[in-house]
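Here the structure is laid out as structure tokens; the discussion comes afterwards.
Residue numbers begin at 1 in each chain, while the letters A, B, ... track the order of the sequences.
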There are 2 protein chains.
Amino acid sequence: METELPASSTAPSASRKKRGEGHTRRDEILLAAKTLFLEEGYDAATIRKIADRVGVSAPTLYLYFQDKEAIMLALCDQTFGRLIERIAKIEKTVTDPLERICRFGDAYARFGLEHPDEYRLVFIGNNIPEAVRKVGHRMPIDDPTRPGVGGALVFSRLVAMLSQLEASGVKLNYPPDTCAELCWMGIHGVVAALIMKPDFPWSNRETLIQGMQDIVINGILSRA
Amino acid sequence: METELPASSTAPSASRKKRGEGHTRRDEILLAAKTLFLEEGYDAATIRKIADRVGVSAPTLYLYFQDKEAIMLALCDQTFGRLIERIAKIEKTVTDPLERICRFGDAYARFGLEHPDEYRLVFIGNNIPEAVRKVGHRMPIDDPTRPGVGGALVFSRLVAMLSQLEASGVKLNYPPDTCAELCWMGIHGVVAALIMKPDFPWSNRETLIQGMQDIVINGILSRA
DNA sequence: CAAATAACTTATCAACGTTAAGTTATCACC
DNA sequence: GGTGATAACTTAACGTTGATAAGTTATTTG
């Protein structure tokens, strides 16, 4: 009657979690999903593949996440969390407003290039769902625990830095919001290009990053 | 026996094409696909919807295109052809090297925002076939009729313009190649951001485009 | 031990891109 | 004016996808 042999054949078949330990399974799903997303991209990483890697059935994922998109959003928050930490550290250690912004750009670009797949997952990619594309919005941070607001926090720090720079007496060519957008777009352009076309014979990476940084900073500062 | 009433009910049911006029149907498909892509985006514009709009069955599309992506690529070629035309026109009508570059940036940005889906597929997409992924490389434009090389031609024109600018006696802060990369990265950053996060409350579009243009041009020109 | 319920599975759905196989209409030719 | 080749097209279906409904275990609590 095949009383019990706990899936001795091929399936991973993770053991059933005990009563209060659902979050463990949730973390397992996130880890598997992250790996698969980075290995194969959002579309190719199907619910069934993720479930297989965890060792459970596909519908089990829906016990822990509302839909596939929610898994993606949770991963975005993880990634943004690390970047937010770095930026918070800069804000604590660096006092000069202009120096802060330079360090921000440097940290941002470096973060993107150090985690190209995660960066691509959040900022690039043509097939990611609507809500994920909205990651980075600055306005509605009504609920800081809501998935997907990590990017908003990052961007809001840049806006804050530029407001402080203006408050410190430096004249800007545009409002702080617009300056922040232009700064981000410039640096993002560099990071995105380097990530998406790694085989292109680009000029030296440091030259491009530093160059774009100089260009953007000089461009927003009103020429004395 | 319902001998013949040619689909008088609801279906569009386009009439069958005569012998040599398959290309007519092909154009109809392209038009319907373009409309639907722009109305609902690449994913939401399903094969069945396109076929419905044309008035034929879904598999009929596969008589004219290898797959869904081939339809998109054909549309890309149409669209990029128009951008190349615009740039060629600029090169013919505008003589001043600096003015040319400004006009290039303006045309490029405007084109990207007018054709977000095509732009995304060629310049941002990460899940697309080899032939398209390498678009933007300046080196190997071996076969100009191959789908997707439009971007390479565009970039090569920018490099040429910057070389001409330098040849005209203007001092640059970087080699022409690097300048072209920085120019493109900056403008691309704006376009990509506006396309990928259309719901973000960005500043005024024209301000951002013109601003980035100013910033990049000023940053490239050696300060006299 | 027994009720409650967290954790999980099987079976199934509609929609997707795509293919196989069959059907009709048109043309060239005798 | 028939006849055969074939362009143009359809119906039926395949394999996957994300997602849901409904049922089944296993654990905890009283």
Side-chain angles (χ1 to χ4, degrees), chain A residues 1-7 9 11-29 32-33 36-37 40-73 126-132, chain B residues 1-7 9 11-29 32-33 36-37 40-73 127-129:
Chain A
M1 244 211 208
E2 305 291 343
T3 48
E4 51 185 270
L5 40 153
S9 58
S13 180
S15 62
R16 169 189 281 250
K17 294 295 175 183
K18 296 195 176 177
R19 266 288 170 109
E21 300 178 357
H23 60 92
T24 309
R25 182 59 30 102
R26 202 187 123 99
D27 290 343
E28 288 175 15
I29 294 171
L36 268 171
F37 282 151
E40 320 191 2
Y42 183 79
D43 279 340
T46 68
I47 291 285
R48 287 168 176 79
K49 282 186 191 169
I50 299 171
D52 269 5
R53 188 161 294 196
V54 176
V56 297
S57 69
T60 292
L61 302 207
Y62 291 89
L63 297 177
Y64 299 97
F65 298 94
Q66 197 179 20
D67 49 23
K68 189 182 179 184
E69 185 176 295
I71 301 178
M72 180 71 179
L73 280 174
N126 48 349
N127 262 339
I128 54 181
E130 184 85 5
V132 180
Chain B
M1 248 212 203
E2 304 295 339
T3 47
E4 50 185 271
L5 42 152
S9 60
S13 179
S15 61
R16 169 189 280 249
K17 293 296 174 182
K18 296 196 173 178
R19 265 290 167 110
E21 302 177 358
H23 59 92
T24 309
R25 181 62 25 107
R26 201 188 124 101
D27 291 343
E28 288 174 16
I29 293 171
L36 268 171
F37 282 150
E40 319 192 2
Y42 182 78
D43 280 337
T46 68
I47 292 284
R48 286 168 176 81
K49 281 185 191 170
I50 299 170
D52 270 5
R53 187 161 294 196
V54 176
V56 297
S57 70
T60 293
L61 302 208
Y62 291 88
L63 296 177
Y64 300 96
F65 299 94
Q66 198 178 19
D67 51 23
K68 188 182 179 184
E69 195 168 75
I71 301 177
M72 189 70 206
L73 276 175
N127 233 353
I128 51 187

Inset, instruction - Check whether any side-chain nitrogen or oxygen of A/T60 sits under 4.0 Å from OP1 or OP2 of C/dT9, and answer yes or no. - result: yes

Inset, instruction - Check whether any side-chain nitrogen or oxygen of B/R25 sits under 4.0 Å from OP1 or OP2 of D/dA7, and answer yes or no. - result: no

Please produce a list of atom pairs where a protein N or O lies less than 3.5 Å from an N or O of nucleotides 21-26 of chain C.
residue : atom : partner : partner atom : Å
C/dT24  : O2   : B/R16   : NH1          : 3.1
C/dT24  : O2   : B/R16   : NH2          : 3.1
C/dT26  : O2   : B/R19   : NE           : 3.2
C/dT26  : O2   : B/R19   : NH2          : 2.5

Inset, instruction - Run the salt-bridge test on B/K49 and B/E40 with the 4.0 Å N-O cut-off and return the result as yes or no. - result: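 Judged by the 4.0 Å cut-off on N to carboxylate O distance, B/K49 and B/E40 do form a salt bridge.
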
Inset, instruction - Would you mind reporting whether A/Y62 and A/I47 have side-chain heavy atoms less than 4.5 Å apart? - result: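 In contact.
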
Whole angstrom value for the distance that separates [atom2] of [N] from [atom1] of [X]:
X	N	atom1	atom2	answer
A/I71	D/dA19	CD1	P	9 Å
A/L63	D/dA22	CG	C1'	13 Å
A/Y64	C/dC8	OH	C1'	8 Å

Inset, instruction - Mind checking side-chain contact (heavy atoms from CB on, under 4.5 Å) for A/T60 and listing every partner two or more places apart, or none if nothing turns up? - result: A/V56, A/S57, A/L63, A/Y64

Inset, instruction - Report, as a single string ordered 5' to 3', how protein heavy atoms within less than 4.0 Å touch nucleotides 11-19 of chain C: B base, S sugar-phosphate only, - not at all. - result: B----BBBB

In Å, rounded to the nearest 0.5 Å, how long is the span from [atom1] of [X] to [atom2] of [Y]?
X	Y	atom1	atom2	result
B/I50	B/I71	CD1	CD1	5.0 Å
A/D67	A/L61	CG	CG	11.0 Å
B/T24	B/I29	OG1	CD1	11.0 Å

Legend entry - Where B/R48 and B/A58 come nearest, the two heavy atoms and their spacing: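 Answer, listing the atom of B/R48 first, then B/A58: CG-CB, 4.0 Å.
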
Legend entry - Which residues share a ring-ring contact (aromatic ring centres under 6.0 Å, His included) with B/F37, sequence neighbours left out: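 For B/F37, the residues satisfying ring-ring contact (aromatic ring centres under 6.0 Å, His included) (neighbours in sequence not counted) are B/Y42.
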
